[in-house]
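Written out below as structure tokens is the structure these notes cover.
The sequence lines fix the lettering, A, B, ..., with proteins before strands; numbering per chain opens at 1.
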Amino acid sequence: IYLTNLLIEMYSKCGSLKDAEKLFQGTQEINLFTWNILIEAYARGGHVSKAKSSFDSMPEWELVTWNIMIKTYARFGYTEQAAETFKRMQARDVVSWTAMLAGYAQNGYLQEARDIFERMPERNLVSWNAIHQAYARSGELEQAEDIFREMPERNVVSATCMVSAYGDKGRVGDARRVFESMESWDLAACNAMLGAFSRNGCLERARAMFDMMPERDFTSWNSMLAMYGQYGHVEEAVRMFGRMPALDMVSCTIMVIAYSRDGNLQQARLIFDMMPEKDTAAWNSMLQGYAHTGHPRACRDLFDVMPEKD
RNA sequence: CUUACGUUGUCGCGA
């Protein structure tokens, strides 16, 4: 049963929801872990109502199950349901409190997040990071700085969050200062620094950062693409796009925008049509390409065939 | 064997 659970989880983490489901249904030996893994799998795929019906079909619930439901609701914007779930729980641990705090923050409820933080019976580093991030993402930089300075301990996550917050405000020098004071860096930390450079038009510094990074993922590559596209170096974006080891939906969407802004709607459409998966952001980007370049007809035609409109 | 925090794209919301 351990092995079955591991296998289901593996499928889920690879995005093979169908295989995870099949395995779940095909196995007779099931425990609470199995249920939790299944709910988590639905949550990953954004199938909130399936997660909820699995939750309802379970023989019993444990704390982890409730925690997963809080996260699932909050992540997809069902803040009220998350809060209801939180209130209905008989026992809560630090994970429950932190999930609720982060859930409020992700949906823009800074005050509620703060209230949760203050009511928490105990806080750990993750809880501190969550409240720190809540202020940072709301643009409350001074408060975020205060928390960062005063929190009992900091780790790579705390610092990454600060780097990103400075970057959002255009304070590249401060971002660098924090980044350089870190005692260790992981990929996300490097990406945050790279993003601070790229979003603020520091092309050379971004390039140097990118070249120096020991490893790169989609986020790293996509930051570079977006920067070159945004700052009018479409040919450089194209060059990097061609060098990427693999493409994802975001890379392609960035190129659709870059080509469109460059007036090259044919190339934009070519990339768009090549994409194996498209979300609404991808569709909207292509629409906007047509809309802003005087192609109302093409825009309308595309709009009419969109599978999902927001 | 399962759950909470950080890094990339469109639009909107805030300012």
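In this structure, of B/rA4, B/rC1, B/rG9, it is B/rC1 that holds the atom nearest to the side chain of A/Tyr2. Listed nucleotides: B/rC5, B/rU7, B/rU3. Nearest to the side chain of A/Thr160: B/rU7. Taking only side-chain atoms of A/Val157, from C-beta outward, the nucleotide of B/rU8, B/rG6, B/rC1 with the closest atom is B/rG6. Among the nucleotides B/rU3, B/rU10, B/rG6, the one closest to the side chain of A/Ala281 is B/rU10. Among the nucleotides B/rG6, B/rU8, B/rC5, the one closest to the side chain of A/Arg137 is B/rG6. The side chain of A/Gln288 has B/rC11 as its nearest neighbour among B/rU7, B/rU8, B/rC11. Of the candidates B/rU7, B/rG9, B/rU2, B/rU7 carries the atom nearest the A/Thr219 side chain, counting heavy atoms from C-beta on.
Proximity of the aromatic rings of A/Trp221 and A/Phe210 is defined here by a centroid distance below 6.0 angstrom, and this criterion is met. Ring pair A/Trp283/A/Phe303: centre-to-centre distance not below 6.0 Å.
The base of B/rC11 does not come close enough to the side chain of A/Asn284 for any donor and acceptor atom to sit less than 3.5 Å apart. No hydrogens or angles were tested; on distance alone, nothing pairs the side chain of A/Asp93 with the base of B/rA4 as donor and acceptor under 3.5 Å.
Across all strands shown, A/Ala134 has no heavy atoms under 4.0 Å from either base or sugar-phosphate atoms. Base contact: A/Asn124 has a heavy atom under 4.0 Å from a base atom. If you check every strand for non-hydrogen atoms under 4.0 Å, A/Ser285 touches sugar and phosphate atoms only. In this structure, A/Ile257 reaches the sugar-phosphate backbone alone: every heavy-atom distance under 4.0 Å involves primed, P, OP1 or OP2 atoms, never a base. Nucleic acid contact class of A/Ala188 (heavy atoms, under 4.0 Å, all strands): base. Among the atoms of the strands shown, base atoms are found under 4.0 Å from some heavy atom of A/Asp186. Across all strands, A/Asp279 comes closer than 4.0 Å to base atoms (heavy-atom distances). In this structure, A/Ala192 reaches the sugar-phosphate backbone alone: every heavy-atom distance under 4.0 Å involves primed, P, OP1 or OP2 atoms, never a base. Contacts of A/Val256 with the nucleic acid, taken as non-hydrogen atoms under 4.0 Å apart, are absent.
A straight line from CZ of A/Phe55 to C1' of B/rU2 spans 15 Å, rounded to a whole angstrom. Regarding A/Ile68, its CD1 atom lies at a distance of 12 Å from the C1' atom of B/rC1, rounded to whole Å. Put simply, CG on A/Asn155 is 13 Å from C1' on B/rA4, counting in whole angstrom units. Summarising the geometry, the separation between CZ on A/Arg92 and C1' on B/rU3 is reported as 16 Å, rounded to the nearest angstrom. B/rU10 atom P lies 18 Å from atom OH of A/Tyr259, rounded to whole Å. Straight-line distance from the CZ atom of A/Arg199 to the P atom of B/rU7: 9 Å, rounded to whole Å. Between the CZ atom of A/Phe210 and the C1' atom of B/rU7 there is a distance of 14 Å, rounded to whole Å. We find that CD1 of A/Ile271 is positioned 16 Å from P of B/rU10, with the value rounded to whole Å.
Contact between A/Arg92 and A/Leu63 at its shortest, heavy atoms only, is CA-CD1, 4.1 Å.
Checking side-chain atoms of A/Arg261 against main-chain N and O of A/Gln230 turns up no donor-acceptor pair under 3.5 Å. Side-chain N or O atoms of A/Thr27 include none that pairs as donor or acceptor with a backbone N or O of A/Leu23 at under 3.5 Å. A donor-acceptor pair under 3.5 Å links the side-chain atoms of A/Ser54 to the main chain of A/Lys50, judged by distance alone.
Stem analysis of RNA chain B (at least three stacked-register Watson-Crick or G-U pairs, each with both distances under 3.5 Å) gives none.
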**Request:** Report the C-alpha separation of A/Trp66 and A/Phe55 in whole Å, then their side-chain angles, then the decisive distance to 0.1 Å, and conclude whether the ring pair (Phe, Tyr, Trp, His ring centres under 6.0 Å) test is met.
**Result:** CA-CA 9 Å; A/Trp66 290 91; A/Phe55 179 80; 5.3 Å; yes
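OP1 or OP2 of B/rG6 has at least one side-chain nitrogen or oxygen of A/Gln133 nearer than 4.0 Å. Dashed line: the shortest gap from a side-chain N or O of A/Lys71 to OP1 or OP2 of B/rA4 is under 4.0 Å. The side chain of A/Arg75 contributes an N or O atom lying less than 4.0 Å from OP1 or OP2 of B/rC5.
Mapped onto RNA chain B by nearest heavy atom, A/Phe33 and A/Val94 fall at different nucleotides, with A/Phe33 at the one closer to the 5' end.
For A/Arg75, there are no salt bridge (charged side-chain N to carboxylate O under 4.0 Å, His left out) partners two or more places apart in sequence or in a different chain.
Contact check on A/Glu9 versus A/Lys13 returns a salt bridge, with a Lys/Arg side-chain nitrogen under 4.0 Å from an Asp/Glu carboxylate oxygen.
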